[in-house]
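First the proteins, then the strands, lettered A, B, ... as listed; each starts at 1. Note that this is a predicted model, so its numbers are computed, not measured.
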Amino acid sequence: MRPIYRMVSEPIAPEEVIREVTSRADGAIATFAGVVRDHHRERQVDHLEYHAYPEMAAEELERIAVELGTRYGVSGLGLVHRTGTLAVGEMAVLVVAAAPHRREALDCCAAAIEAIKSRLPVWKKEFFAGTTEPEWVFGPEELCASGAEQSRVEGSGSGG
Amino acid sequence: MKVGIRYFALVAEVAGREGETLELAAGATVADALQRVTEQYPRLAAAGFRPLVAVNRRHAGEDSSLAEGDELAVFPPVSGG
């Protein structure tokens with residue numbers, strides 16, 4: 001299983017990640033891209049800032065890639081998350097799962113974005129059109145608690 | 001024992017700093033460290049969430065015990081992806 005995982009501060013290049021993750025034995029490539037949308041609830045979004053705990057984000061992304069790629073039996077799993085200031089339409093996160101057949105690739109791709117959203121130490125701050133104050137977005141606590149639990153139970157070594 | 005503690009996102013804004021060193025009793029747990037932090041920065045309680053904690057770059061439960069030199073991090077529920 002080929003895990004690819006990185007935190008970046010430059011625009012994500014999906015074709016490059018697909019090339020790294022996929023082999024000639026793979027008949028299925030499942031991808032998910034999270035992009036900045038132009039609204040949050042009723043308000044118009046101007047841009048987002050993504051902030052990370054960089055050392056932990058790098059390690060947690062690796063753990064997610066190795067755990068889920070192995071669990072779902074895919075041949076390659078690529079996870080890339082971008083930090084910094086992102087405009088509407090820019091890609092914040094990319095998941096690419098490659099496997100001989102589609103079931104494993106699709107299931108792994110779906111599980112990977114859920115794991116990223118519940119476990120990765122990244123926070124987004126929304127900046128709205130006009131003069132409204134920017135706001136941090138919090139994930140729901142129950143989601144984070146279960147993600148954290150999953151991370152502790154599955155990880156080896158200290159800290160839990 | 002001394003542990004390092006780092007703050008992120010809204011927790012760092014409320015604390016007005018990105019990190020510091022905490023002196024804790026031997027055998028202290030994550031819950032003890034969190035209690036110290038919320039006492040030191042009471043505005044955290046009004047922030048609208050229970051902070052999460054990582055120890056040595058892994059998510060940790062409040063009953064996890066700490067050791068000299070551990071790196072703690074306190075932050076809001078994550079919102080990446």
Side-chain angles (χ1 to χ4, degrees), chain A residues 7 32-34 48-63 79 81-83 92-95 112-126 134-160, chain B residues 1 3-20 24 27-34 37-38 41 43-81:
Chain A
M7 301 292 296
F32 172 86
L48 297 189
E49 284 178 0
Y50 279 89
H51 299 250
Y53 174 2
E55 297 88 346
M56 181 179 168
E59 292 183 20
E60 191 72 17
L61 210 55
E62 176 178 3
R63 284 191 283 266
L79 310 175
H81 200 301
R82 185 175 164 196
T83 56
V93 62
L94 179 70
V95 175
I113 185 58
E114 297 305 322
I116 286 171
K117 290 180 82 67
S118 66
R119 290 166 54 175
L120 199 64
V122 169
W123 302 271
K124 60 186 168 216
K125 192 173 195 180
E126 292 182 315
E135 286 180 7
W136 288 102
V137 177
F138 312 139
E141 277 186 59
E142 57 279 6
L143 183 63
C144 289
S146 66
E149 180 65 40
Q150 190 172 15
S151 173
R152 284 186 292 128
V153 165
E154 290 173 352
S156 58
S158 63
Chain B
M1 62 176 168
V3 299
I5 187 160
R6 296 173 68 176
Y7 304 121
F8 291 94
L10 185 56
V11 173
E13 286 184 2
V14 168
R17 56 189 5 163
E18 295 188 343
E20 56 192 325
L24 297 169
T29 62
V30 164
D32 297 322
L34 249 189
V37 168
T38 47
Y41 307 108
R43 280 174 51 222
L44 260 187
F49 55 79
R50 180 119 182 105
L52 300 182
V53 180
V55 178
N56 299 330
R57 299 172 304 285
R58 285 180 178 269
H59 290 290
E62 296 198 12
D63 53 351
S64 300
S65 53
L66 299 173
E68 172 80 30
D70 274 347
E71 174 180 305
L72 270 67
V74 179
F75 42 78
V78 301
S79 58

Please find the pair of heavy atoms, one from [X] and one from [Y], that lie closest to each other, and give the distance.
{"X": "B:P77", "Y": "A:G139", "answer": "CB-O, 3.0 Å"}
{"X": "B:H59", "Y": "A:R119", "answer": "NE2-O, 2.7 Å"}
{"X": "B:R57", "Y": "A:E59", "answer": "NE-OE2, 2.7 Å"}
{"X": "B:V78", "Y": "A:L120", "answer": "CB-O, 3.2 Å"}

Q: On the 0 to 90° scale, with breaks at 30° and 60°, tag the B:F8-A:W123 ring pair as parallel, tilted or perpendicular.
A: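 Because their plane-to-plane angle is under 30°, the rings of B:F8 and A:W123 count as parallel.
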Q) How about B:E18: does its CD atom have over 12 heavy atoms from other parts shown lying under 6.0 Å from it? A)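 Atom CD in B:E18 is not packed in, count stays at 12 or less.
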Q | Option that, when pairs with chain A are counted at under 4.5 Å, heavy atom only, ranks first among B:G81, B:S79, B:G80 | A |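 The answer is B:S79.
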**Q.** Residue part contacting chain A, namely of B:A47, when any heavy atom lies under 4.5 Å
**A.**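 For B:A47, the contact with chain A is made by the backbone alone.
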Residue [X] versus chain B: region with a heavy atom under 4.5 Å:
{"X": "A:V122", "value": "both"}
{"X": "A:A52", "value": "backbone"}
{"X": "A:H51", "value": "neither"}
{"X": "A:Y53", "value": "both"}
{"X": "A:W136", "value": "side chain"}

Q. Side chains of B:R6 and A:M56: does their closest heavy-atom pair fall under 4.5 Å?
A.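 Counting from C-beta outward, B:R6 and A:M56 never come under 4.5 Å.
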